[in-house]
Amino acid sequence: MKKIYNPKKIEPKVQDFWNRTKTFEVDEVPDTDKFYCLTMFPYPSGQLHMGHVRVFTISDVIARYQRMQGKHVLQPMGWDAFGMPAENAAIKRGIPPAKWTYQNISDMRNQLDRIGYGYDWRREVTTCRPEYYRWEQWLFTRLFDKGLVYRKNAIVNWDPVDQTVLANEQVIDGRGWRSDAPVERREIPQWFMKITDYAQELLDGLENLDGWPDSVKSMQRNWIGRSEGIELAFDVEGDRDPLWVYTTRPDTLMGVTYMAVAAEHPLAVEIAAQNPDISNFLQECKKIHAAEAMLETMEKKGMPLGISAIHPITSEKIPLWVANFVLMGYGTGAVMAVPAHDERDWLFAKKYGLPITQVIEATDGTRIDISEEAYVSYGRSVNSDFIDGMEFDEAFEAIADRFEHEGRGRRTINYRLRDWGISRQRYWGTPIPIIYCDKCGSVPVPDDQLPVVLPEKVEFTGVGSPLKDMPEFYEVACPQCGNPANRETDTFDTFVESSWYFSRYASPDCDTAPFDEREAYWMPVDQYTGGIEHAILHLLYSRFYQKIFRDLGLSSADEPFKNLLTQGMVLKDGAKMSKNKGNTVDPQGMIDRYGADTVRLFMMFAAPPEQALEWSDAGVQGAFRFLNRFWKAVQLHVEKGRPTDLVADMLNSAEKDLRRKTHQTIFKVSDDIGRRYTFNTAIAASMELLNAVTRFRHSSDQSLSVEREALNTIVVVLSPIVPHICHELWELLGHDRAVVDEAWPIFDEKALWQETLEIVVQVNGKLRSRIAIAADASKEDVEAEALNDENVRRFIGDRKVKKTIIVPGRLVNIVV
RNA sequence: GCCGGGAUGGCGGAACUGGUAGACGCGCCGGAUUCAAAAUCCGGUUCUGGUAACAGAGUGCGAGUUCGAUUCUCGCUCCCGGCACCA
């Protein structure tokens, strides 16, 4: 009588076993090999989606594998609980954001439990709880004292109808998403963190992140955007201050034919005061969407300011323009334009009929036609006065020396990275712990008044933040002078919460500091897994925070994440799953139908983790079919009775073949899961082994033992991926200990030995034959055997063999 | 626009360090089982020609390096992620 594979029955049973035995609860055990396995925590939207299932499964597989390697594994879970969707739900359905969020968390926790993830739930962190954000506020006041936070004006998208600040995402084609009114740029005072103080260290630190993908390091490097250049002063006509520009190409100085300033530049503002056309242009610039992508793709426009700068070498007049593509926030807010050697300057010059002067020629004599396109490569200076004939480095130094000597220039290192604006004009976030006093200015909230608790019972209208209508929240006494003062009503960017939650997991109950000495045991994270979309912002802010904690003496780790795995998206019909497109697949429905193991198996099998994964219902069925075959194979095997002890020397050739396959599989799967993280190929190898078992015919009393070894192997190596079925089958195979507590198997090198190998024979690089050859055959023997092959001889014909290439154990290539 | 990544059978993917292209799974085709169907099991399956043996072509497109290129180099096309207030 055979038992049928019934995941509905075994999965809750196995999960109950893990809970009862507290399998995944871990404490700090000094001098043990720890492994901190982490995924980017989810936003509690209420619906677990396939993207979540994918990351969490990848991480769970790694955690279970490391556990079987004997590591002390921590795998926590928590909630990135502040954010806009809660406010949107409140507007739409009238549920307070807090209530909505807590309900979602509870729902999602239940969903996660059914997939069998090995979390230590005692360490759950929820960022919208005062116990958590209290330490964020605490840290902010420390940074305030150290001068690492400051307030300045910054531009936001303003919806004039809803009287609300909009996120970039809420601006669609320049209009508010709900009001449809044209969005305006508005400058308001906001808080910033000085991440730029750490720009160089964040850049240098990338060199040591060997466990990170090159693509992510490269993106961060470019984002930080270090450049070496010179700031130069150009005199301006009339009784005006000199105009400073930053350039990385001082070698093109003699090719400057015009200059451009940002719309917010004081010079532009000054001229606009007397010139209505300029004033209109500046007004027009205010309508540009705040996102950089918009700025870069929009039409480049400008207007002459009607005044000129003086070229510092030739003393010629250079017209000054105001242009919509010059950024006030980068460099000095003004640029010298060299249309001959800069693409954007070239297009702008062509558009407005400005002169183009070539001052660089190619060193290899390539002809350059600057009337066709700009020549932007480095080269040799021409028509350039005292730097004529110099190449880039020499010209750079010559200009720098001369201008520094004259006091009108300085060598400067610039970063593209900007300080982190952390103010949000929203309700559902961590209150910024600052009190504004007429007398004392901006006063940080003292420790004994923390946390500043966000009121959770609010009326939410969607017009502005409800905190602005709550005098009981913002009317306070100044902590310094005691006079009536106003509390800040802005909240933190939610990236602040996600920049340090991983440290909090180490000691989530600590109520005297963000974390305690347990942090030193667990940090840094050994394996961090999350979406590639976080390659820059979240991962850079987290690295920044880690350095702050270090510099405050709270942590000894320089970097938060030792190894990083960035997983691809889950697609359906070639597109990202989203409610808008109506192409979502609900994980819950799939688990109800096939069980958690099937969903886990399909997710890991369908693609390697970094790649986008195309969802396929048929593929899921295939995964389910495999688990059924697997289940049946073990049942059938066990019915054959108890095997005798395996004696390797007594095996016949069929038994040796299966045993070789078993040990090859251990080798391959260990490498695939442990090093390569290619779970798809690990599963494929296990499937091959099961296929071999199915085809295997018993031929001696050792056959059952060899078959047993093969099945034991499949159960153990698949247990990180499909832990429930493997738990059950392991028990069925007669083991006392649960498979989750087993050690990872080690392959037997002797079992891999093969007497004859198949070698490929090519003639002129084309496959012509395969020959069987003894594993220890000499090169000469291999060559002779290859030349002797009938098909090979046919292709050589009467042509002469020029040379023979032999790759030992693999191939022979005969060149004629 | 800029930065990063991707493209391989009908489909998801494999080929790890330049050495057998298509492992494994899905789908499809044929067979077994069944009154029949589902499920299951066995066999086949890149394309073209050939009963077959075998031959020719083939990894987005166009060049190049090499005895040999999915893999390296150069130039394109299309798709995806990020671009600082989505998380």
Side-chain angles (χ1 to χ4, degrees), chain A residues 40 42-43 45 80 82-85 154 156-157 165-171 190 213-223 225 290-298 300 325 343-344 416-426 493-495 498 531-538 540-541 566 568-569 571 574-576 602 605-608 610-623 625-626 628-629 632 671-672 675-676 678 680-681 683-688 691 694 758-767 770 791 802-805 807 810-816:
Chain A
M40 293 177 187
Y43 177 80
S45 60
D80 188 13
F82 278 135
M84 289 204 307
V156 293
N157 301 309
V165 174
L166 299 178
N168 284 339
E169 169 186 75
Q170 296 172 315
V171 181
Q190 306 197 63
D214 289 337
S215 57
V216 174
K217 287 191 279 190
S218 179
M219 278 191 259
Q220 291 211 352
R221 211 171 276 128
N222 292 328
W223 185 261
E292 196 192 79
M294 298 294 167
L295 201 69
E296 288 283 329
T297 47
M298 73 186 174
K300 308 292 182 287
F325 60 85
E343 201 134 359
R344 192 170 57 188
R416 206 186 72 98
L417 181 69
R418 308 200 292 261
D419 275 336
W420 179 11
I422 50 166
S423 293
R424 296 293 180 269
Q425 295 69 42
R426 289 184 217 298
D493 176 9
T494 56
F495 275 123
S498 57
I532 184 68
E533 65 272 22
H534 295 292
I536 295 172
L537 294 180
H538 162 59
L540 194 63
Y541 293 147
T566 50
M569 290 183 309
L571 311 177
K576 186 175 175 170
F602 170 72
F605 182 58
E610 299 89 346
Q611 256 177 59
L613 182 153
E614 176 70 32
W615 181 264
S616 152
D617 289 335
V620 178
Q621 277 189 40
R625 259 205 300 265
F626 170 75
N628 274 288
R629 270 203 307 274
K632 221 185 286 178
D671 191 47
D672 285 352
R675 178 182 66 91
R676 296 210 305 156
T678 50
N680 54 331
T681 53
I683 294 164
S686 306
M687 287 174 165
E688 279 190 60
N691 290 343
T694 311
E758 192 188 71
I759 303 261
V760 164
V761 186
Q762 299 178 334
V763 179
N764 283 349
K766 289 202 180 213
L767 174 74
R770 293 154 209 271
N791 207 41
K802 277 196 210 146
K803 68 170 163 177
T804 312
I805 290 136
V807 182
R810 303 205 75 142
L811 114 173
V812 178
N813 186 14
I814 296 158
V815 186
V816 295

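In what follows, chains are A, B, ... by sequence order, proteins preceding strands, each numbered from 1. Only heavy atoms go into these numbers, but all of them, side chains included; no hydrogens, no water, no symmetry mates.
A:V815 and A:N764 make their closest contact through CA-OD1, 3.4 Å (heavy atoms, listed as atom of the first residue, atom of the second, distance).
Judged by Watson-Crick or G-U wobble contacts below 3.5 Å, the nucleotide B:A55 has B:U48 as its partner. The partner of B:C78 is B:G6, judged by Watson-Crick or G-U wobble contacts that both fall below 3.5 Å. Of all nucleotides present, only B:C83 satisfies the Watson-Crick or G-U wobble test against B:G1, with each distance under 3.5 Å. Base pairing of B:G12 is made with B:C24, judged by Watson-Crick or G-U wobble geometry with both donor-acceptor distances under 3.5 Å. When Watson-Crick and G-U wobble pairs are counted only if both distances are under 3.5 Å, B:G64 pairs with B:C72.
Nearest nucleotide to the A:L767 side chain, out of B:A55, B:A21, B:A87: B:A21. Distance from the side chain of A:D671 is smallest to B:C16 among B:C16, B:C24, B:C85. Closest contact between the side chain of A:A167 and the listed nucleotides B:C85, B:A55, B:G1 involves B:C85. Ranking B:C16, B:C26, B:C86 by closeness to the A:M84 side chain, first place goes to B:C86. Checking B:C83, B:G25, B:A55 against every side-chain atom of A:A293, the shortest atom distance belongs to B:C83. The side chain of A:Q425 sits closest to B:C85 out of B:A87, B:C85, B:U20. The A:E533 side chain lies nearest to B:A87 when the options are B:U20, B:C85, B:A87.
Between A:W615 and A:F602, the angle of the ring planes goes over 60°, which puts this pair in the perpendicular group of the 30/60° scheme.
A:I759 comes within 4.0 angstrom of no nucleic acid atom, judged by non-hydrogen atoms across all strands. Across all strands shown, A:H538 has no heavy atoms under 4.0 Å from either base or sugar-phosphate atoms. Counting any heavy atom pair closer than 4.0 Å across all strands shown, A:M569 reaches sugar-phosphate atoms only and no base atom. Residue A:E343 is classed as having no contact, given no heavy-atom separation below 4.0 Å to the nucleic acid. Among the heavy atoms of the strands lying under 4.0 Å from A:E688 are primed sugar atoms or P, OP1, OP2 only; no base atom is included. No engagement by A:V216 is indicated, since no non-hydrogen atom pair under 4.0 Å with the nucleic acid exists. In this structure, A:K802 reaches neither bases nor backbone, as no heavy-atom distance under 4.0 Å exists between it and the strands shown. A:F602 comes within 4.0 angstrom of no nucleic acid atom, judged by non-hydrogen atoms across all strands. Residue A:W420 is classed as having no contact, given no heavy-atom separation below 4.0 Å to the nucleic acid. Across all strands, A:A685 comes closer than 4.0 Å to no nucleic acid atom at all (heavy-atom distances). If you check every strand for non-hydrogen atoms under 4.0 Å, A:A535 touches nothing. Using a 4.0 Å heavy-atom cutoff across all strands shown, A:G421 reaches sugar-phosphate atoms only and no base atom.
Using a 4.5 Å heavy-atom cutoff, the side chains of A:Q190 and A:V156 are in contact. Put simply, the side chain of A:M219 reaches to within 4.5 Å of the side chain of A:I532, judged on heavy atoms. By the 4.5 Å heavy-atom criterion applied to side chains, A:W420 and A:F495 are counted as neighbours.
Using a 4.0 Å cut-off, some side-chain N or O of A:N168 falls inside it from OP1 or OP2 of B:A84. Close to B:C83, at under 4.0 Å from its OP1 or OP2, lies no side-chain N or O of A:N222. Residue A:T494 has a polar side-chain atom (N or O) positioned under 4.0 Å from OP1 or OP2 of B:A87. Within the structure, every side-chain polar atom (N or O) of A:R418 is placed at least 4.0 Å from both OP1 and OP2 of B:A84.
Distance CH2 (A:W615) to P (B:G25): 19 Å, rounded to an integer number of Å. When the P atom of B:C83 is taken as reference, atom CD of A:E169 falls 10 Å away, rounded to whole Å. In this entry the distance linking CG of A:N628 with P of B:C26 reads 12 Å, nearest Å. Distance A:L537 CG to B:G82 P: 10 Å, rounded to the nearest Å. Across the protein-nucleic acid pair, A:F82 atom CZ and B:A87 atom P stand 12 Å apart, rounded to whole Å. Atom-to-atom, CD of A:Q220 to P of B:G4 comes out at 13 Å; the value is rounded to the nearest Å. At whole-Å resolution of the value, CG in A:L571 and P in B:C79 are 15 Å apart. Look at CZ on A:R770: it is 13 Å from C1' on B:G19, rounded to the nearest Å.
A side-chain N or O of A:T681 and one of A:D672 form a donor-acceptor pair less than 3.5 Å apart.
As rounded to the nearest Å, B:U20 and B:U70 have C1' atoms that lie 14 Å from one another. Straight-line distance between the P atoms of B:G5 and B:G75: roughly 15 Å, to the nearest whole Å. Spacing between B:C24 and B:U46 at atom P, rounded to whole Å, works out to 12 Å. Between B:U66 and B:G56, the distance separating the two C1' atoms is 23 Å to the nearest Å. B:G60 and B:G13: their P atoms are spaced 14 Å apart (whole Å). With both ends at atom C1', the span from B:C28 to B:G68 equals 35 Å, rounded to whole Å. Annotation: B:U59 and B:A21 have their C1' atoms spaced 8 Å apart (nearest Å). Atom name P, nucleotides B:G18 and B:G62: the rounded distance is 24 Å, in whole Å.
Checked by distance alone, A:R221 brings no side-chain donor or acceptor within 3.5 Å of a matching partner on the base of B:C3.
Within a 6.0 Å radius of CZ in A:R416, other residues, nucleotides and ligands contribute more than 12 heavy atoms. Remark: A:D214 CG is loosely packed, at most 12 non-hydrogen atoms of other residues, nucleotides or ligands lying under 6.0 Å away.
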Nucleotide-resolved protein contact map, nucleotides 66-71 of chain B, B/S/- at heavy-atom distance under 4.0 Å
-B----
At under 4.0 Å between heavy atoms, which parts of nucleotides 5-14 of chain B does protein reach? Answer with one letter per nucleotide, 5' to 3': B base, S sugar-phosphate only, - none.
S------BSS
Given the rule in the side chain to side chain contact (heavy atoms under 4.5 Å, CB included) test, do A:N813 and A:T804 qualify, once you have shown the distances and angles that lead to the verdict?
CA-CA 6 Å; A:N813 186 14; A:T804 312; over 6 Å; no
Please test A:L417 against A:W223 for side chain to side chain contact (heavy atoms under 4.5 Å, CB included), starting from the C-alpha separation and ending with a verdict.
CA-CA 6 Å; A:L417 181 69; A:W223 185 261; 3.7 Å; yes
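For the atom pair CE of A:M84 and CG of A:L166, the computed distance is 9.0 Å after rounding to the nearest 0.5 Å.
In this structure B:G58 sits in the anti conformation; its chi angle is more than 90° from 0.
Distance alone, capped at 3.5 Å, is enough to place a donor-acceptor pair between the A:Q170 side chain and the A:A167 backbone.
Annotation: of the two residues near RNA chain B, A:D672 and A:S423, the 5′-most nearest-nucleotide partner is A:D672.
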Protein N or O to nucleotides 37-48 of chain B N or O, pairs below 3.5 Å:
none

